[in-house]
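Nothing fancy with the numbering, it's 1 onward along the sequence.
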Amino acid sequence: MGLQDADAQDAGFGARIRSAIFWRSGSQILSQIMSWVVTLAVIRLLDPADYGLFAMTQVILNFATFLNGYGLVSALVQSETVEPHRLRQAFGIMLLLNGALALAQLAIAPLAADYYDQPMVADLLRVQALLYLSTPFISIPEAIMGRALDFKRPALVNLIAAAASAGVALTGALSDWGVWTLVWAPIAGFWIKAAGYVLATGFRPIPSFDFRGTGAMVAYGASLLGGQLFWIVQSQADIFIGGRVLDPHALGLYAEALFLTQIFVSKFVPPLNDVAFPAYARMQKDLRRVSWSFCKAVKLLLLLTCPIYLGMAVTAAPLVETLFGRKWLAMAPFVTILALAMPFMTLQVMFAPVSNALGRPGTTARVAAVGAVLMPAAFLIGIRFGAIGLAWAWLAAFPLLTLVTARLAGAPMGLRLTDLALAAAPGLGCSVLMAAVVMAIDGLLPPLAAPLRLAILVPAGGVAFLGALLLCARATLKELVALVIRRRPPVQAAA
């Protein structure tokens, strides 16, 4: 009877995980489709130089964001119980931290403009300080819903916020706001999300500035801080280094190529990690189960991402011209190189929620420290060859960083490199075969308009990938189908 209860409990927990993934990822997909439609329209209206200026401000924003206190949210999710008073304390800390960040950005704005030799950067940064003030109203309700694996309510709010942000972006682009379009759209989205989260959870935004008893929560958040700082250094070093050397136009081409190739890893993997963190935390006492679950996640995720990225690499020119227009065609070589690096990045970022859930944020910090040294060094070498050198730096350095991550973060859960390679093999191997077929077909085609060429190559790639799966990884394909189309077990009659 006890075993049956345990099985029923596991089944119920599994159902909650699947529901969480459905709502978190499903809403992300819908909001991103909405966002992409508007983004493509906006990109056609704005100039590459606008995106170059915006990228310069994002370095400052992202570098300061690591201090916004989101580590406290992870501590709240990881804790077994959270009292209402503890939520008010966390809210108070978040208000102080983010208010200080807004003031600091106002002060640093002129210095950033001088560094880039772009006066407009100062004005943009002053307005973007409004983003920090919305963070406390988002983070605490997010922790409440994350602990309960409740992703339905935030999913609906996110859709509304995405629609509002897209509306502001389209209005700005059509009204000749220029680079300000890229500033006001996210501000609108963040503040609508903040209001929606507070209403959805019923959280009363009344802070407590009595911080007695918050030592463990602050310590956990501080332990994540080092890893976040290193991650910011790693992820922003290319724009920070390139922004001082390249003109806004060249930087805009590189930045948008990076944006295009990172869409999946930056927009779809984080929602999965949001679900994975509390899920791994629940099974942290069973390391074999954690390792098995991680390998299964790697296998299925790479089965989806590798064909996307390798397909993007071999169709870069018609893809860029079709989506962005001919004035962006010069970014196609960047897309080809960066797309080949993204499967490694997808795999690398999957390790962080496992380490944090196992109570080892120090591992995440050590991995990020390696990246904070390796990637800037690669960018410093690459920038000697111009913007294209930054792209080659990604492809040269990120596979090495992924290997280091697998060794450092995989050891605590008993993960072997051979297990990881076997999990990655179906998706990567079949995608390589698919890419070879697409390149062969592309070479046989006569000169065609970019949309028509893409309309031929994409279905051909899909058929080639499916054929490769049926030929080389049929069991993995069945596993993916079983995950998407889950059949309920037959109901047994009562004895």
Inset, instruction - Sequence neighbours left out, what passes side chain to side chain contact (heavy atoms under 4.5 Å, CB included) with Thr201? Give chain and number order. - result: Pro141, Met145, Phe203
Inset, instruction - Count the heavy atoms belonging to other residues, nucleotides or ligands that lie under 6.0 Å from CZ of Arg44, then report whether that count exceeds 12. - result: yes
Legend entry - Partners meeting side chain to side chain contact (heavy atoms under 4.5 Å, CB included) with Pro136 (sequence neighbours left out): Phe91, Met94, Leu95, Asn98
Legend entry - Minimum-distance pair of heavy atoms, taken over all atoms of Cys306 and Pro343: SG-CB, 4.1 Å
Inset, instruction - Indicate the atoms forming the closest heavy-atom contact of Ala391 with Phe334, along with that distance. - result: CB-CD2, 4.3 Å
Inset, instruction - Go through the structure and list residues passing side chain to side chain contact (heavy atoms under 4.5 Å, CB included) with Val314, not counting sequence neighbours. - result: Ala435, Val438, Met439
Inset, instruction - Decide side-chain contact (heavy atoms from CB on, under 4.5 Å) for Leu395 and Leu338; before the verdict, give the C-alpha distance in whole Å, the side-chain angles of both, and the deciding distance to 0.1 Å. - result: CA-CA 7 Å; Leu395 186 55; Leu338 290 169; over 6 Å; no
Inset, instruction - Examine distances only and state if a side-chain atom of Thr57 and a backbone atom of Phe54 form a donor-acceptor pair shorter than 3.5 Å. - result: yes
Sequence neighbours excluded and cut-off under 3.5 Å, please list the side-chain donor-acceptor pairs for residues 242-250, or say none.
{"residue": "Arg244", "atom": "NH1", "partner": "Tyr115", "partner atom": "O", "Å": "2.8"}
{"residue": "Asp247", "atom": "OD1", "partner": "His249", "partner atom": "N", "Å": "2.9"}
{"residue": "Asp247", "atom": "OD1", "partner": "Ala250", "partner atom": "N", "Å": "3.0"}

Inset, instruction - Measure the shortest side-chain to side-chain distance between Val367 and Val404 over non-hydrogen atoms and say whether it is less than 4.5 angstrom. - result: no
Legend entry - Asn62 and Ser235, any side-chain heavy atoms less than 4.5 Å apart: no
Inset, instruction - Identify, with sequence neighbours excluded, every residue that meets ring pair (Phe, Tyr, Trp, His ring centres under 6.0 Å) alongside Phe398. - result: Trp394
Legend entry - Residue pair Leu422 / Lys299, side-chain heavy-atom distance below 4.5 Å: no
Legend entry - Enclosure of Trp392 CH2 (heavy-atom neighbours >12, cutoff 6.0 Å): no
Legend entry - Residue list, side chain to side chain contact (heavy atoms under 4.5 Å, CB included) with Ala397, at least two apart or on another chain: Leu374, Met375, Ala378
Inset, instruction - Report the distance from atom CG of Leu106 to atom CG of Leu125, rounding to the nearest 0.5 Å. - result: 9.5 Å
Legend entry - Gap separating the CG atom of Leu403 from the CG atom of Leu408, nearest 0.5 angstrom: 9.5 Å
Inset, instruction - Identify the two heavy atoms, one from Ala194 and one from Ser134, that lie closest to each other, and give their separation to 0.1 Å. - result: CB-O, 3.9 Å
Inset, instruction - Please list all pairs passing the salt bridge (charged side-chain N to carboxylate O under 4.0 Å, His left out) test where one or both residues lie in residues 176-187, with sequence neighbours left out. - result: none
Inset, instruction - Assert yes or no for the condition that the ring centre distance of Phe294 to Phe351 is strictly below 6.0 Å. - result: yes
Inset, instruction - May I ask you to test the Met331-Phe259 pair for a side-chain heavy-atom distance under 4.5 Å? - result: no
Inset, instruction - Would you list the pairs meeting salt bridge (charged side-chain N to carboxylate O under 4.0 Å, His left out) in which at least one residue belongs to residues 104-127, sequence neighbours left out? - result: Asp123-Arg126
Inset, instruction - Please name all residues satisfying side chain to side chain donor-acceptor pair (under 3.5 Å) with Thr405, sequence neighbours left out, ordered by chain then number. - result: Gln348
Legend entry - Positive for side chain to side chain contact (heavy atoms under 4.5 Å, CB included) with Trp177, one of Leu45, Val168, Asp50: Val168
Legend entry - Nearest-0.5 Å distance, CD1 of residue Ile456 to CG of residue Leu452: 4.5 Å
Legend entry - Leu46 to Gly178 - nearest heavy-atom pair and separation: CD2-O, 3.7 Å
Inset, instruction - Tell me, please, which residues at least two apart from Thr39 pass side chain to side chain donor-acceptor pair (under 3.5 Å). - result: none
Inset, instruction - Supply the atom-to-atom distance Ile239 CD1 to Ile60 CD1, rounded to the nearest 0.5 angstrom. - result: 12.0 Å
Legend entry - Trp328 side chain reached by Leu253 side chain, heavy atoms, under 4.5 Å: yes
Legend entry - Residue pair Tyr254 / Leu390: nearest heavy atoms and the distance that separates them: CE1-CB, 3.6 Å
Legend entry - Expected output: side-chain Ser165 to main-chain Ala161 donor-acceptor under 3.5 Å: no
Legend entry - Pairs satisfying side-chain hydrogen bond (donor to acceptor under 3.5 Å, both in side chains), at least one member in residues 182-194, at least two apart: none
Inset, instruction - Output, in order, the C-alpha distance, side-chain angles, deciding distance and verdict of side-chain contact (heavy atoms from CB on, under 4.5 Å) for Leu319 and Val458. - result: CA-CA 10 Å; Leu319 177 66; Val458 171; over 6 Å; no
Inset, instruction - Rounded to the nearest 0.5 Å, what's the gap from CZ on Phe264 to CD1 on Ile308? Could you check? - result: 5.0 Å
Legend entry - Verdict with reasoning, Ile192 to Ile160, per side-chain contact (heavy atoms from CB on, under 4.5 Å): CA-CA 8 Å; Ile192 289 175; Ile160 296 172; 4.2 Å; yes
Legend entry - For the student: nearest non-hydrogen atoms of Thr261 and Val335, plus distance: CG2-O, 3.8 Å
Inset, instruction - Enumerate the residue pairs fulfilling salt bridge (charged side-chain N to carboxylate O under 4.0 Å, His left out) with a member in residues 429-443, sequence neighbours excluded, ordered by first and then second residue. - result: Asp442-Arg453
Legend entry - Gap separating the CD atom of Gln128 from the CG atom of Leu61, nearest 0.5 angstrom: 5.0 Å
Legend entry - Heavy-atom side-chain proximity of Met312 to Met342 below 4.5 angstrom: no
Inset, instruction - Apply side-chain contact (heavy atoms from CB on, under 4.5 Å) to Tyr116 and Phe240, showing your working. - result: CA-CA 9 Å; Tyr116 290 120; Phe240 185 76; 4.0 Å; yes
Legend entry - Side chain to side chain, Val373 and Phe230, heavy atoms closer than 4.5 Å: no
Inset, instruction - Please indicate whether Phe344 has more than 12 foreign heavy atoms, meaning atoms of other residues, nucleotides or ligands, lying under 6.0 Å from its CZ. - result: no
